[in-house]
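Along the sequence shown, residues carry numbers from 1.
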Amino acid sequence: IREWYNGYRFLGEPVYNPFDILLFISNDFAYRSYWFQTATPTFLLKLIEKNHYFLPDLENIVKDEAMLNSFDVDYIELETLMWQTGYLTISHTETLLDNIYYHLQLPNKEVRQAFLQSVAQYLTRNHDSARKTNDIARALLSKEVGRLESPLKALFAGIAYHHFTAHKLYEYEGYYVSVFYAYMKALGLDVRSEDVTNKGRIDMSVVMEKSVYIFEFKVDGSGALQQIKERKYYEKYLSLNVPVYLIGIEFDTQERNIRGFEHEEVII
C-alpha cells in the first residue's frame, strides 16, 4: 500500500492519497490507479510532445522556489506544472549559498505507471500497445533477450506515419529513447536512466530480482553493444550475483524504427 499510494511530501513526512485509500478499501483491496483514472492529463501530454521533453529527465528534477511558485501559463515549465497539479512531489531539499533547491519526483507506483503509460501511448498513438508490452515483459522475465527485438520493432512500426511527419519526431533523437523509457517504466520495472558508473553513464539499466539488463542506444549510429563492453558498464552489477545482459539498440531516423539489435550475456 505504501509503494502504491504513499509518497506525497510537503516538506514533512510522506502522506497517502486519501482518495486512493478509500477506493482501495471499497474495491476489495484491489491495486489500481484510482486517482489517475479520474481524468487524463491531456494538457500535460500535449506539452511533453510540443517541447520534445526527454522523459528520463523526470528522474533528476531540481527547481528553485521561484520556479515552483510560477503561475505564468504562457511560460510555465512542464515540471512546475506537474508539481502544481500533483504529478510530482518534493523528495528532498538542499541549501546552497543561501538558495533552497527542491528535488522533485513522481510520488508513487500509481502515478509513475499510469502517467508514463499515458505518455507512451500519446506519443506513439499506438492503440495496440498492451500485447506488445506483454511480450516485452515475458521476454524480460524469462531472460530470453532475443525475444525483445520483435515486440520493440512492432511497437515503433505501429506508430502512424502521419504522426511522425506532422511533428517531425523523426528528427528528434530523444523521442526513441523517451518512448522506450516510458513503456519500460510503465511496466513497473526498476528503470535507471543515465546510470552512473566509474567508467561513464549507462543509457539505461533495468534491475530485476533475478536479472539485470543494460541498454545502450545509438541514433543513426553504430557500436552500441561494443560501447557497453569497452567501458565495462556491467561491472557495477556483478556483485548482485544474477545474470547480466548487455543490449545495444540502434535506431534509424529514416526507417523510424530499430535498425540494429545486439545482445550478449556477461560470462564471469
Side-chain angles (χ1 to χ4, degrees), residues 1-21 24 31 33-36 41 43-45 47-48 51 53-73 75-120 174 177-178 181-182 184-209 212 214-215 233 236-237 239-240:
I1 296 176
R2 183 184 300 113
E3 182 182 355
W4 269 83
Y5 303 122
N6 197 6
Y8 295 92
R9 293 178 174 86
F10 305 93
L11 303 180
E13 290 295 316
V15 298
Y16 286 86
N17 183 332
F19 180 80
D20 283 332
I21 298 301
F24 174 73
Y31 291 97
S33 301
Y34 298 111
W35 174 71
F36 198 91
F43 65 102
L44 289 177
L45 303 181
L47 195 58
I48 287 172
N51 295 343
Y53 189 82
F54 188 59
L55 289 176
D57 284 346
L58 288 173
E59 294 187 10
N60 186 31
I61 302 173
V62 182
K63 296 293 176 184
D64 59 20
E65 193 165 13
M67 186 57 64
L68 288 186
N69 292 327
S70 173
F71 292 96
D72 189 339
V73 294
Y75 301 100
I76 196 168
E77 292 189 4
L78 172 68
E79 297 95 337
T80 301
L81 197 56
M82 289 181 65
W83 146 251
Q84 294 177 354
T85 52
Y87 291 96
L88 288 174
T89 192
I90 297 171
S91 64
H92 63 279
T93 64
E94 63 176 339
T95 302
L96 297 173
L97 300 176
D98 295 328
N99 294 310
I100 300 177
Y101 295 94
Y102 298 84
H103 294 254
L104 306 179
Q105 66 180 19
L106 296 168
N108 51 41
K109 187 172 184 177
E110 177 200 25
V111 176
R112 185 167 56 251
Q113 289 190 211
F115 179 72
L116 288 169
Q117 185 176 49
S118 292
V119 172
V177 179
S178 288
Y181 171 85
M184 298 293 276
K185 201 79 172 177
L187 286 171
L189 298 171
D190 180 2
V191 181
R192 305 175 186 182
S193 178
E194 295 293 309
D195 195 2
V196 179
T197 75
N198 63 334
K199 302 288 181 63
R201 292 178 181 268
I202 304 170
D203 278 350
M204 198 174 298
S205 302
V206 177
V207 181
M208 302 179 69
E209 183 180 357
V212 173
I214 294 176
F215 293 89
Y233 290 153
K236 177 175 182 177
Y237 292 105
S239 61
L240 296 180

Practice prompt. Start with the C-alpha distance between Trp83 and Ile90, add both sets of side-chain angles, then the distance that settles side-chain contact (heavy atoms from CB on, under 4.5 Å), and finish with yes or no.
Written response: CA-CA 8 Å; Trp83 146 251; Ile90 297 171; 3.8 Å; yes

Discussion item. Under the criterion side-chain contact (heavy atoms from CB on, under 4.5 Å), I'd like the reasoning laid out for Val177 against Met204: C-alpha separation, chi angles, the key distance, then a yes or no.
Written reply: CA-CA 9 Å; Val177 179; Met204 198 174 298; 4.1 Å; yes

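Residue Leu116 comes nearest to Ala186 through the heavy atom pair C-CB, 4.2 Å, listed as atom of the first residue, atom of the second, then distance. Heavy-atom minimum distance, Leu55 versus Ala182: CD1-CB, 3.7 Å. Taking both residues in full, the closest heavy atoms of Leu44 and Met82 are given as CD2-CG, 3.9 Å, listed atom of the first, atom of the second, then distance. When every heavy atom of Asp57 is checked against every heavy atom of Ile61, the shortest pair comes out as O-CG1, 3.4 Å. Of all heavy-atom pairs between Asp203 and Phe215, the closest is CB-O, 3.4 Å.
In this structure, the separation between CZ on Phe43 and CG on Leu81 is 5.0 Å, given to the nearest 0.5 Å. The CD atom of Glu209 lies 11.5 Å from the CG atom of Leu240; values are rounded to the nearest 0.5 Å. Tyr87 contributes atom OH, which lies 8.0 Å from atom OG of Ser118 (distance to the nearest 0.5 angstrom). Between atom CD1 of residue Ile48 and atom CZ of residue Phe115 there is a gap of 4.0 Å, rounded to the nearest 0.5 Å. In this structure, OH on Tyr233 lies 10.0 Å from CD1 on Ile214, to the nearest 0.5 angstrom.
Remark: Ile1 pairs with Tyr5, Tyr16, Ile21, Phe24, Tyr31 by the side chain to side chain contact (heavy atoms under 4.5 Å, CB included) rule, at least two apart or across chains. The side-chain hydrogen bond (donor to acceptor under 3.5 Å, both in side chains) search around Glu79 returns Tyr53, not counting sequence neighbours. For Tyr181, the side-chain hydrogen bond (donor to acceptor under 3.5 Å, both in side chains) criterion is met by Glu59, not counting sequence neighbours. Residues satisfying the side-chain hydrogen bond (donor to acceptor under 3.5 Å, both in side chains) test with Thr89, not counting sequence neighbours, are none. With sequence neighbours left out, Asp190 forms a salt bridge (charged side-chain N to carboxylate O under 4.0 Å, His left out) with Arg192.
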Could you pull out every donor-acceptor pair under 3.5 Å between side chains of residues 94-110 and any protein atom, sequence neighbours left out?
from, atom 1, to, atom 2, distance (Å)
Glu94, OE2, His103, NE2, 2.9
Asn108, OD1, Glu110, N, 3.3
Asn108, OD1, Val111, N, 3.1
Asn108, ND2, Trp4, O, 3.4
Asn108, ND2, Asn6, O, 3.0
Glu110, OE2, Tyr34, N, 3.0
Glu110, OE2, Trp35, N, 2.9

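A donor-acceptor pair under 3.5 Å links the side-chain atoms of Lys185 to the main chain of Val191, judged by distance alone.
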